[in-house]
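Chain identifiers are assigned alphabetically (A, B, ...) following the order of the sequence lines, protein sequences preceding nucleic acid strands; residue numbering begins at 1 within each chain. Below, all heavy atoms of this structure are taken into account, side chains as well, without hydrogens, waters or symmetry copies. The model shown is predicted, which means the values in this text are computed figures rather than measured ones.
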Amino acid sequence: MDKVVEIEKLFKKYKSGTDDLVILEGLDLTLEKGKKLIITGESGCGKSTLLNIMGGLDRGSGGVVKICGADVEQMEEKDLYNFRNRIIGFVFQFHYLLKELTAAENVMMPMFIRGETKKKSLEEAEKILLKVNLAERASFYPYQLSGGERQRVAVARALINNPSILLADEPTGNLDEKNSRIVEELLFSLVAEQNTTLVMVTHDASLSERGDMTMKLEKGRLREI
Amino acid sequence: MKVKNALFLAFKFFSSKNTDKNLFRHIRGAVIGIALSLVPLVIVLEVTDGMIEGITRRYIEVGSYHYQARDLQNSEADYKAVIKNLESLETVDNAFAFIQDTCLIYTKKGRTGVSVRGLPENLYDNDRGLKEYLVFSEGSFTLDSEAILLSSSIAKKIGASTGDEIKLLTAFNQPGRALVLRPARFIVKGVFTTGYRELDEVSVYINYDRASSLFRGASQPYIGIKVKNPYNSSDSYKDKTAEELRNYLPPAFILSSWYRLNYTLYKSLETTKKLLMLIMILILCVASLNISSAMIMMVLSRRKEIAILKSIGFSQNDIALAFLATGFLIGLAGTFIGMLAGIAGSLHINWIIGTIEKLINYFIFSGYFVLNLFRQTEYGGFRILDSGYYLEQIPVTLDFFELCLVSFISLFLSSAASFLPSFRAGAIRPVEILRKS
């Protein structure tokens with residue numbers, strides 16, 4: 001099977017005053033296409049940092065990070081924009097929708113940035129909004145949507161470009177129980193439909209059962225549980 | 001860099017109703033700031049243009065004429081033949097001889113020094129420019145041998161009106177004798193105004209033949225020339241008309257254009273206009289700083305959105321361009337409103353000034369009314385623009401090129417003011433924002 005994620009001996013340290021604060025310490029990870037990895041761990045252990053490095057938003061302090069065969073650590077800044085646009089999909093704890101854009105416009109942005117026309121991008125956005133059961137809310141602005149609906153729009157935005165890997169950083173962390181289940185359901189069904197590799201960081205223990213693999217990040221390394 | 005993405009976002013940032021109220025107030029303030037600073041700039045520009053044009057036209061139609069030719073060597077040239085020759089040219093509208101000197105004009109009621117100009121009897125009918133700017137409040141342009149035409153201010157000074165008898169006192173030197181003073185009697189046949197006090201202050205017209213005999217030996221005649229397009233002469237290097245005229249003048253004649261004759265006045269007006277423009281552009285610069293502060297606010301309040309845009313593939317340049325375009329749109333809106341208001345203000349400037357004068361005078365007169373209950377005081381009325389120094393009515397000329405130039409400057413300053421905040425928006429590192437939030 002194709003390897004989507006290949007991480008070898010990844011280090012990440014931050015300056016904390018005069019000391020170095022080591023977050024990731026020789027982390028290794030390999031993930032194949034379509035697999036769903038759930039990462040748990042204590043707050044501040046480096047889960048989000050790992051996702052940010054995998055998504056090209058942050059750089060490691062050492063090691064190799066290959067996503068779909070491309071060495072993210074060696075990429076130029078201008079190549080990273082394309083990489084994030086075409087290969088990666090992000091879903092964060094907070095939806096970060098642009099309040100000036102409608103739900104459909106928010107969803108279409110990655111495709112529009114990729115170079116598609118606005119018309120084509122909107123058409124695709126409406127199709128994916130239908131999949132997250134928000135077709136009738138396509139022309140609504142974020143302030144007209146509920147918290148769960150906003151997060152579903154964010155999921156749709158992350159998946160519109162059919163990315164190879166979806167990085168989800170506590171996507172239900174801000175939602176109530178009912179909406180959490182709806183968002184989880186959609187997220188898992190959509191990545192399964194698109195055969196997208198999913199890496200999800202969560203504190204929700206119940207999600208462990210839905211992944212192909214669950215790992216805990218402690219002492220800077222991943223341990224399968 | 002994908003321009004369409006940046007423009008799409010900029011348009012949304014600028015036009016959305018969902019923007020934060022605080023940010024919306026900043027954007028609105030920046031638009032109003034640009035608009036308000038453009039209004040006086042446009043008004044000053046168009047009004048000074050109109051003033052310069054109005055004053056220049058009066059000077060060249062009534063005062064200096066388009067060109068003046070003069071026989072410097074007293075070659076006793078045949079003026080009639082020279083004029084006929086000049087009038088055969090297609091570019092020439094009208095040519096005529098005139099003579100002028102300074103005299104003392106007096107009646108029993110007053111006296112003053114004047115510049116007397118002798119003009120042909122039929123000039124008024126042949127000269128469209130003179131007809132346009134020499135407006136008679138009494139009588140008409142009648143220049144028989146005993147007629148004299150007075151400007152309204154001179155008529156007022158010496159207390160003369162149509163039909164009154166006045167005298168001109170000329171002085172000239174005779175060889176071997178002392179200065180000879182010679183009075184000459186005239187009847188006032190008309191009182192006129194050019195609408196510009198400086199021209200009216202000293203102008204008196206009499207018949208050309210009478211003037212020739214009156215100033216005999218003291219003054220040389222000139223040839224006044226009116227051409228179809230006098231404004232070529234403002235650029236002496238390209239003044240083809242002057243070259244053509246010189247070919248039709250005897251060698252002893254020198255030719256001067258209105259631009260050379262009124263050079264100091266014209267340059268002084270132009271310099272005043274440039275200074276005013278500079279001051280107004282400085283005000284515009286200050287107003288464009290509002291855009292800068294609105295853009296800083298916008299960048300600060302959208303740091304999370306910038307981070308997410310970068311995470312979905314927006315580049316640093318795309319982000320910077322989107323914010324730069326937003327600043328440009330703010331400038332565009334302010335420029336559009338300011339230009340419209342400025343043009344409307346320019347077109348109604350006479351009404352605006354009149355209304356302000358009326359309002360001020362209403363309050364001042366009310367004050368004087370109260371004062372008059374105790375003692376007699378007189379008040380002549382407040383004038384914003386004294387017609388003694390400016391035109392009675394401000395003519396307004398809309399110069400399309402200048403309006404475009406002002407719009408361009410405004411848009412350039414708006415974009416320049418948003419450059420730094422836009423650059424900073426582009427440089428935001430998404431991971432820092434996402435980590436903090």
field: Side chains of A/E100 and B/F14 in contact at under 4.5 Å (non-hydrogen atoms)
entry: no

message: Taking side chain as everything from C-beta outward and backbone as N, CA, C, O, which of these in A/T117 sits under 4.5 Å from a heavy atom of chain B? Side chain, backbone, both or neither.
response: backbone

message: Quick check: do A/K99 and B/E305 have side-chain heavy atoms less than 4.5 Å from each other?
response: yes

- prompt: Side chain, backbone, both or neither: which part of A/Y143 has an atom under 4.5 Å from a heavy atom of chain B?
  reply: side chain

query: Going from OG on B/S315 to CG on A/N82, what distance comes out if it is rounded to the nearest 0.5 angstrom?
result: 9.5 Å

statement: Highest number of heavy-atom pairs under 4.5 Å with chain B among A/A158, A/P142, A/P110 belongs to A/P110

field: OG on B/S311 to CG on A/L80, rounded to 0.5 Å
entry: 12.5 Å

field: B/K273 atom NZ: more than 12 heavy-atom contacts under 6.0 Å
entry: yes

query: Would a 4.5 Å heavy-atom cut-off, applied to side chains only, mark A/F90 and B/I312 as touching?
result: no

- prompt: Does some side-chain heavy atom of A/M109 sit less than 4.5 Å from a side-chain heavy atom of B/L9?
  reply: yes

- request: Could you tell me which portion of A/R86 (side chain, backbone, both or neither) has an atom closer than 4.5 angstrom to a non-hydrogen atom of chain B?
  value: neither

field: Note, B/I308 side chain near A/F92 side chain (heavy atom, < 4.5 Å)
entry: yes

Atom of B/G313, atom of A/I113 and distance for their closest heavy-atom approach: O-CG2, 3.6 Å

- prompt: Is the number of heavy atoms from other residues, nucleotides or ligands within 6.0 Å of CZ (B/F11) greater than 12?
  reply: no

field: Portion of A/L98 that has a non-hydrogen atom of chain B nearer than 4.5 angstrom
entry: both

- prompt: Which answer fits A/E105, side chain, backbone, both or neither, if we ask what part of it has an atom under 4.5 Å from a heavy atom of chain B?
  reply: side chain

field: Min side-chain heavy-atom separation A/R84-B/F314 under 4.5 Å
entry: no

